[in-house]
Each structure stands twice: as C-alpha cells, then as structure tokens.
Amino acid sequence: MMSNDAILEVANLCVSLDGVTLLEDVSFSLASDEAVTILGPNGAGKTVLLRALLGALPYSGKVSWAPGVRFGYVPQRLPYIKDLPVTVADFFALKSTALDEMEVVLAEVGLPAGFSNKRMGELSSGQFQRVLIAWALCSEPAVLLFDEPTTGVDVTGEETIYGLLSRVQRERHLAMLLVTHDLAVVHQLSTRVLCLNRRLVCEGPPIDILTPERLREIYGTEVKYYHHEHGDG
Amino acid sequence: MDDRSVLASVVILASGAFIGGAAAYLGSLMLGRRMALVAGPLGHLTLPGVALALTFGFDMSLAAFPFVVLGVLVIWALEARTRLPMESLTALVFATGVAIAFLFLPMEQAETALVGDIARTSIRDGIVSVLVCIGVVVVVRWCYPKLVLINISEDLALSEGIAVRRYNFIYLMLIAIVVALGVKMVGGLLTAALVAIPPAAARNVGRNLHQYAWGATAVGVVAAIVGILLHFALGYPAGPMVVASSAVFFLMTLPLARKA
C-alpha cells in the first residue's frame, strides 16, 4: 500500500546481472514535489537503479508507481541519434502526443522559435540537453528521471541547465529523481539525497549528507565540498 | 516477344521493384541501428534453403525463409546467452550457413544461389512477392516511429511505455522476410546491399527522417528497375546489376553528404 503523497515506492530492490549483484536491498520513496538526488561513486549502481525503475533491467523486490503516473526520462546521452538525419521536430514526432506541445516546451527550456528544423546531430551539448528535457516534459509528466544531466556540458551551460531544472520543478510542481556527481547541484536542487554504493549507504537532506565524514563514507576517499551561493536558478 | 513473356517480364520487374523498395525502407531502420551488416550473414544463412529449392525445384524465398528465421533465433539466443559482440556471432552464422549450403548445393547451381536469378520467378511467385512486400511496408510504416525510438534508445522507448521486446521481435521477423525475398533477386551473397546501400544514399541527401526513409525506398525501387532492365538488355545476372545500380546512386549522392 502506497502512502498518500508518494509517487513512487521502492522496496527491497535487488538487481543482478550474470551472477553479479549490482544493487542490493534498496528501499526508498519519492513524494510529489520532491527532488531527490542519487549520489554515489562510479559503479555504485546509480544508472542501474534508474534503468530498473524504467523496467529496462530485471529485478527482484517491489517498484510501485502511483496509479496512472506519467514520467519523463532524460538519458545521459543518445549516441545513435547521429546515425540518422533526425531533426528536432522528427524527434518530437516519435512521441505520440509531443508534436502539438513542441513549440511550447521548446520555448519553456529557452530554445528559440524555428529551432525544430535543426538536426539533432548539429546541436551543441547544451542545446541537446535542453531538447531532451523539453521532450521529457511533453505529456505532462508527474515525475522526471534524470541521468547525469551535466555530462558533456560546459561550466556555463551546466549552471543554466540546473537553473532550468530548478525553475521547471518549481513551476510544474514535479517530482524529480536525479543522478549526479555534482555536489553543488545536490545542494541547490535536491530536497533529499540517497547515497548509493550498491546498497543504500545513507539518506537525508543535503545539509546532513554533504559533510566531509559522510562524503568519505560514500566515496571511500577524501572529498571536500564548499558550498557558495551564486545567482543561477 | 509473346504476350506471356511480356507479362512475365512485367511481373519480374514489378516484384524486383517491390522487393528493392521494401528492403530499402526496412533498411532505413537498420542503418540507424548499425545492423545493416546483419542482413549479410542472414543472406548467407538462406543458402541451405536455396540449395534445397534449386535441387527440388521450388520457390527460393519459400525455402530460404525458415532458414533465416532459424538464423534470427540462433543469433538472438546466442547473444542473450553469451553476450558476445554481434560481429562475432555474425561471423559464426555466416560461416555456418555457407558451409552447410556447400555440403549439398549442386555446383552448377552455385551461381544462382550466390547472386540470385530473378528471371526464374514465375508469375504466381512474382505476385505473391509483391503482396508480401506491400504487407512488409504497411507493417514497417505502422511501427516506424516506435522502431526509430527503440533504435535511438531502448531506455527512452521503455519510458514511453513501448513494448521493446515485442517490437524487436517484429523487426527481426521483418528482416527475415525481406532477406528471404531479396535472396531471389540478388542471391545469398548480396542481400546486405539491398538494405544497406539505398539508405546510405538517402542519408547523404535527406534533410529529415521523412525524406531519408522515402528517399531510401525510392533509391531501392529505381535501382531494382534499372538493374533488371540492364539484365534484360545486356544479359548479365540481375542481382549484381541491381546492386551496382544502387552503388552508382550512392556515389552520385556523395558530394552532398553531410556529417551530422
């Protein structure tokens, strides 16, 4: 039985491939309006967790989405899209209802009118990420799943993308589940942090998690994080 | 030329055009998946079936189809079990298909098996081929957006609620049908060309997905017609002429090729 405001509940999730355990006994929930970050070193199972939630990997345990919930997924990259002459409009047409909303969501993520005729393979990494976010925002999702949105984006672009995510979450009252290595992002964007290293190591608000002791526990090495305010988002 | 041979020529031309078009349309999806070369080994796997058809005198496509389906299932099962790269499995399947075929293929029939002989197509077989091709195009058109999304990212397709495994199976079966049809026109050696070259030419000039997919189909149809007409006029085997025509179209589009 799901709690009233939970949009996702995960209980005792285990993922094994070829006899290797990738995730063990992971349990957490995600409430509507909540932005939860999954933090962990390389190989900790962060992307595996997202893929299990999508149903892309076999698992044991329980993954319960609230009835009728729509989710949008923003992958780390789409390497094969450059093999085909896919324009932004073509990409939106692949989603059954997206073409009607395309111009609105492209404007929402800061892309100009007429952008839909560009080829996906010609976009900069920042533009590409915005298109993926716009695509995920079509069909009014209640939750967005992001797999390391910073990948391949320069420093200026990175801040703008997270500013965008923060604004989108505020305006649309979305739940977000976000995989990232970027501790500044964790601090600015998330309401709660899940620390993952094949199993759930710790869980709590960013202020409790982003301490030298906790970070050493998560990453197994000295990680320092100095939070500083800036104007973005 | 009597009426019957004119009719037979028209049927051969029509079935070639439909096979070329259907193979190219489906091939436009295979290019995106970097799977065009898979059609090659599957073509080779048709050879045992073709050998049986030539020995016992029945339709090559009909005999080839079960062997291609077997090949698809073998590749699927081996990939799931071993996680070997597709290239390794491809080599394995290729070699096995050719070896089995040459164990009992009559040597005088080897050329037909390897490069095809569409002139053997009867009027009835030609009409059946056209109808099957229409069916393939209808199914591909119906699945196209979903298959493109699966090609781009299976995870993204899953997030949209697409039954990826079901569509992958439909896709592999369509490949099996197209390869079985193509083997009649261009033989076991050249089937990969039917699905690979027209989309490659269309990718050079297509500005969007629509132009690319229908451009590939147009190149497939025209290359098949030109190749078969050259076969009628010059007497060279139709299969290599179709593939060579296709390659000429590709070369013509090269100056317009874009990198992204």
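Chain identifiers are assigned alphabetically (A, B, ...) following the order of the sequence lines, protein sequences preceding nucleic acid strands; residue numbering begins at 1 within each chain.
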Participant: In Å, rounded to the nearest 0.5 Å, how long is the span from NE2 of H210(B) to OG1 of T87(A)?
Facilitator: 11.5 Å
Participant: For L156(B), which of L78(A), L94(A), L54(A) qualifies under side-chain contact (heavy atoms from CB on, under 4.5 Å)?
Facilitator: L78(A)
Participant: So which of I162(B), D155(B), L209(B), L158(B) has the biggest tally of heavy-atom pairs under 4.5 Å with chain A?
Facilitator: D155(B)
Participant: Can you tell which of L53(A), V86(A), D90(A), L50(A) has the highest number of heavy-atom pairs within less than 4.5 Å of chain B?
Facilitator: D90(A)
Participant: Nearest 0.5 Å, what's the NZ-CG distance between K118(A) and N208(B)?
Facilitator: 15.0 Å
Participant: How far apart are the closest heavy atoms of P85(A) and R203(B), and which atoms are they?
Facilitator: CD-CG, 4.2 Å
Participant: Using a cut-off of under 4.5 Å on heavy-atom pairs, state which of A213(B), P145(B), S159(B) scores highest against chain A.
Facilitator: S159(B)
Participant: Grab the two heavy atoms, one from S28(B) and one from L84(A), that are nearest each other, plus how far apart they are.
Facilitator: O-CD2, 3.8 Å
Participant: Surrounding CZ of R165(B) (heavy atoms of other residues, nucleotides or ligands, distance under 6.0 Å), is the total greater than 12?
Facilitator: no
Participant: With a 4.5 Å limit on heavy-atom distance, are the side chains of S153(B) and Y80(A) in contact?
Facilitator: no
Participant: What I'd like to find out is whether the side chain of W135(A) reaches to under 4.5 Å of the side chain of E160(B), using heavy atoms alone.
Facilitator: yes
